Undergrad: 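Handing you this structure, nothing more for now.
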Amino acid sequence: MLKIKLVKSLAGCKKPQVLTAYSLGLRRVGMTAQQPDNAATRGKIAKISHLVQVNN
């Protein structure tokens with residue numbers, strides 16, 4: 001499992017990036033979510049890597 005934390009605001013981001021964050025369960029700055037460590041999750045993280053922090 002990966003622990004993902006939203007560290008930057010989604011304000012001003014493009015809609016696909018906002019939707020990607022929402023699909024990971026991240027809505028507000030400071031929120032954390034646990035997601036399985038698989039290719040789909042890694043792809044989503046790569047798409048918004050400048051907004052999140054990932055821990056194992």
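What you see below is based on every heavy atom in this structure, not just the backbone, and it leaves out hydrogens, waters and symmetry mates. All values reported here derive from a predicted model rather than from experimental measurement.
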Undergrad: So how far is it from M31 CE to K5 NZ, rounded to the nearest 0.5 Å?
TA: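 The CE atom of M31 sits 12.0 Å away from the NZ atom of K5.
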
Undergrad: Can you name the closest pair of heavy atoms from T20 and P16 and give their distance?
TA: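 In terms of heavy atoms, the two residues are closest at OG1-O, 2.7 Å.
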
Undergrad: Can you tell me how far apart CG (L2) and NZ (K44) are? Round to the nearest 0.5 Å.
TA: 12.0 Å

Undergrad: So, taking the atom named CG in L6 and the one named NZ in K8, what distance separates them when rounded to the nearest 0.5 Å?
TA: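 The distance works out to 11.0 Å.
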
Undergrad: Do you know the tightest heavy-atom contact between G25 and A33?
TA: O-CB, 4.3 Å

Undergrad: Can you name the closest pair of heavy atoms from S9 and L51 and give their distance?
TA: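 Between these two residues, the closest heavy atoms are O-CD2, 3.9 Å.
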
Undergrad: To the nearest 0.5 angstrom, please state how far the NZ atom of K14 sits from the CD1 atom of I48.
TA: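 Result: 14.5 Å between the selected atoms.
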
Undergrad: Would you give the length of the straight line joining atom CD1 of I4 to atom CD of Q34, rounded to the nearest 0.5 angstrom?
TA: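 Result: 9.0 Å between the selected atoms.
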
Undergrad: Report yes if the side chains of V54 and K3 come closer than 4.5 Å at any heavy-atom pair, otherwise no.
TA: no

Undergrad: What's the separation between atom CG in L10 and atom CG in L26, rounded to the nearest 0.5 Å?
TA: 8.0 Å

Undergrad: Do side-chain atoms of R42 reach the backbone of D37 as a donor and acceptor pair under 3.5 angstrom?
TA: no

Undergrad: According to a hydrophobic-cluster definition based on side-chain heavy atoms being under 4.5 Å apart (Ile, Leu, Val, Met, Phe, Trp, Tyr only), do Y22 and I45 belong together?
TA: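 Yes, because Y22 and I45 connect within a single hydrophobic cluster, where side-chain heavy atoms sit under 4.5 Å apart.
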
